[in-house]
Amino acid sequence: MLVLGIESSCDETGIAIYDSEKGLLSHTLHSQVALHAEYGGVVPELASRDHVRYLIPLLDKAFEQAGIKKTDIDGVAYTSGPGLMGALMVGASAGRSLAYSLGVPAVAVHHMEGHLLAPMLEENPPEFPFIALLVSGGHTLLARVDGVGQYKILGESLDDAAGEAFDKTAKMLDLGYPGGPILAKLAEKGQQGVYKFPRPMVDRPGLEFSFSGLKTFALNTMQKSDGSEQSKADIALAFEEAVVDTLKIKSRRALRETGIKRLVIAGGVGANKRLRTELANMLAEEGGEVFYPRIEFCTDNGAMIAYAGCLRLQAGQTEELSINVRARWPMEELSAL
């Protein structure tokens with residue numbers, strides 16, 4: 001089955017074509033980082049307009065890369081939520097309309113399901129069941145995954161997502177946008193042990209997260225520092241260590257409570273080098289295995305949407321002609337395949 005995938009939930013336009021027999025045939029991506037940089041964050045209206053501007057050229061490029069025609073596809077998958085309403089509408093409208101014009105089925109894909117299943121695109125995909133740690137700018141959660149659509153949320157952030165905390169702390173340090181990767185790069189120059197940040201909510205039972213207090217702690221620490229570049233690097237390192245340690249502690253707890261030995265890391269923060277190293281070491285200690293999507297599929301992309309959509313189309317799931325998108329969409333509402 002040949003499936004076209006369209007991702008437009010936030011600030012990246014992703015188009016991909018997935019073949020159920022041959023695998024991923026093509027994927028194209030446009031990032032809006034430069035567009036939003038001067039504002040220090042995503043401007044929803046500008047994001048929507050940029051999706052409109054780039055979606056069709058990326059679509060043509062994806063078909064060219066795959067060496068097929070639009071009439072060759074058997075179905076269209078598009079991100080229907082969660083995300084920015086205007087941005088979602090661009091991709092959903094284009095995807096549903098294209099499917100209608102070609103006379104093929106369309107399916108609405110949950111953005112988070114796409115991230116959770118992204119490691120399935122790799123040569124060594126995880127087997128079910130596994131624990132998924134989803135860490136991005138908009139979400140931080142731990143879930144037990146027993147199959148496609150079989151998700152049980154074990155714990156999630158009560159306030160800021162980890163990626164959001166990275167970006168906001170980077171903004172306080174005047175590091176630019178997008179802040180997370182810049183902060184992680186600066187942390188490499190930090191001196192170990194200069195500052196010690198708290199590990200929020202690790203001294204109580206449960207698998208919930210809270211990162212808003214770390215921002216406040218970072219701000220207070222910065223105000224007491226000399227403001228030098230080295231101090232900023234030291235603060236960046238202490239902040240990154242606190243976030244990574246918290247994610248590691250809660251992930252270990254989830255593995256032990258469930259008895260599952262496989263951990264999947266998904267979402268943009270999954271590209272963080274320190275997080276990857278610490279979780280790999282932890283899984284080695286636990287006698288388990290950790291799985292990641294390739295770096296380019298950690299952030300939003302069309303490939304994960306095409307893959308997740310292909311699975312649901314093969315199971316017979318299709319959408320009506322109406323176009324529906326959801327800014328919020330609990331994963332546990334998804335149907336199991």
Side-chain angles (χ1 to χ4, degrees), residues 1 3-10 14 16 18 20 74-85 87-89 91-92 95-96 99 105-121 125-157 161 207-208 254 258 260 262-268 270 291 293 297-337:
M1 187 177 208
V3 177
L4 170 70
I6 301 174
E7 157 60 28
S8 68
S9 64
C10 189
Y18 180 81
S20 58
D74 301 306
V76 179
Y78 54 86
T79 303
S80 183
L84 302 175
M85 289 295 285
L88 288 167
M89 279 300 296
R96 191 65 194 86
V107 66
V109 175
H110 192 291
H111 181 73
M112 296 299 106
E113 179 171 71
H115 275 302
L116 290 185
L117 298 178
M120 298 296 187
L121 291 164
E127 295 180 2
F128 298 114
F130 57 78
I131 299 298
L133 172 64
L134 180 57
V135 277
S136 67
H139 301 82
T140 298
L141 61 85
L142 279 163
R144 175 177 176 137
V145 181
D146 289 297
V148 180
Q150 300 178 51
Y151 311 126
K152 180 181 180 182
I153 305 301
L154 303 176
E156 55 191 328
S157 180
L207 296 168
E208 282 75 29
T258 60
I260 295 173
R262 289 178 289 274
L263 180 68
V264 161
I265 314 301
F291 299 84
F297 291 165
C298 285
T299 51
D300 297 349
N301 63 88
M304 65 184 192
I305 303 303
Y307 176 76
C310 182
L311 296 180
R312 292 197 169 272
L313 286 167
Q314 286 179 315
Q317 183 175 327
T318 60
E319 302 302 320
E320 297 179 354
L321 191 55
S322 59
I323 300 168
N324 298 301
V325 296
R326 299 175 63 177
R328 298 181 183 277
W329 186 4
M331 262 204 318
E332 291 173 307
E333 292 183 6
L334 293 174
S335 59
L337 301 189

side-chain contact (heavy atoms from CB on, under 4.5 Å) assessment of Y78 paired with I305: CA-CA 7 Å; Y78 54 86; I305 303 303; 5.5 Å; no
Steps toward side-chain contact (heavy atoms from CB on, under 4.5 Å) verdict (E156, L142): CA-CA 6 Å; E156 55 191 328; L142 279 163; over 6 Å; no
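- When side chains are defined from C-beta on, P293 counts as touching P119, because their heavy atoms get closer than 4.5 Å.
- Proximity of E208 to S157: side-chain heavy atoms (C-beta onward) are nowhere separated by under 4.5 Å.
- In plain terms, the two heavy atoms of L154 and A254 that are nearest each other are CD1-CB, 4.2 Å.
- Of the candidates L334, L141, D146, L334 is the only one forming a side chain to side chain contact (heavy atoms under 4.5 Å, CB included) with Y151.
- Side-chain contact check for M331 versus L116: some heavy-atom pair is nearer than 4.5 Å.
- For H111, the side chain to side chain donor-acceptor pair (under 3.5 Å) test picks out E7, S9, H115, D300, with sequence neighbours left out.
- Contacts classified as salt bridge (charged side-chain N to carboxylate O under 4.0 Å, His left out) and involving residues 313-330 (residues at least two apart or in different chains) are given here: R326-E333.
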Yes or no on side-chain contact (heavy atoms from CB on, under 4.5 Å) for L121 and Y18, after CA distance, side-chain angles and deciding distance? CA-CA 10 Å; L121 291 164; Y18 180 81; 3.8 Å; yes
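- Closest of all the heavy-atom pairs between G95 and V76 is O-CG1, 3.6 Å.
- Counting heavy atoms from C-beta outward, H139 and M112 have side chains that approach closer than 4.5 Å.
- Heavy atoms only, all atoms of each residue included: A106 and A99 are closest at CB-CB, 3.7 Å.
- Distance check: R96 CZ to I6 CD1 gives 11.5 Å after rounding to the nearest 0.5 Å.
- Checked by atom type and distance alone, the side chain of S136 never pairs as donor or acceptor with a backbone atom of G268 at under 3.5 Å.
- The backbone N or O of M1 lies less than 3.5 Å from a partner atom in the side chain of S20, making a donor-acceptor pair.
- Pairing each heavy atom of V109 with each of A308, the nearest pair is CG1-CB, 3.9 Å.
- Listed for the S8 side chain is a donor-acceptor partner under 3.5 Å among the backbone atoms of G91.
- Counting only distance, with no hydrogens or angles, the side chain of E332 and the backbone of I153 share a donor-acceptor pair below 3.5 Å.
- What you find for W329 and H110 is that their closest heavy atoms are O-NE2, 2.6 Å.
- Heavy-atom minimum distance, L313 versus P105: CD2-CB, 4.0 Å.
- Within the 4.5 Å cutoff, the side chain of L337 has heavy atoms near those of the L311 side chain.
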Verify side-chain hydrogen bond (donor to acceptor under 3.5 Å, both in side chains) between R312 and T318, making sure each step is shown before the conclusion. CA-CA 8 Å; R312 292 197 169 272; T318 60; over 6 Å; no
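- Interatomic distance, CG of L88 versus CG of N324, reported as 11.5 Å (0.5 Å rounding).
- The closest side-chain heavy-atom distance from I131 to R262 is not below 4.5 Å.
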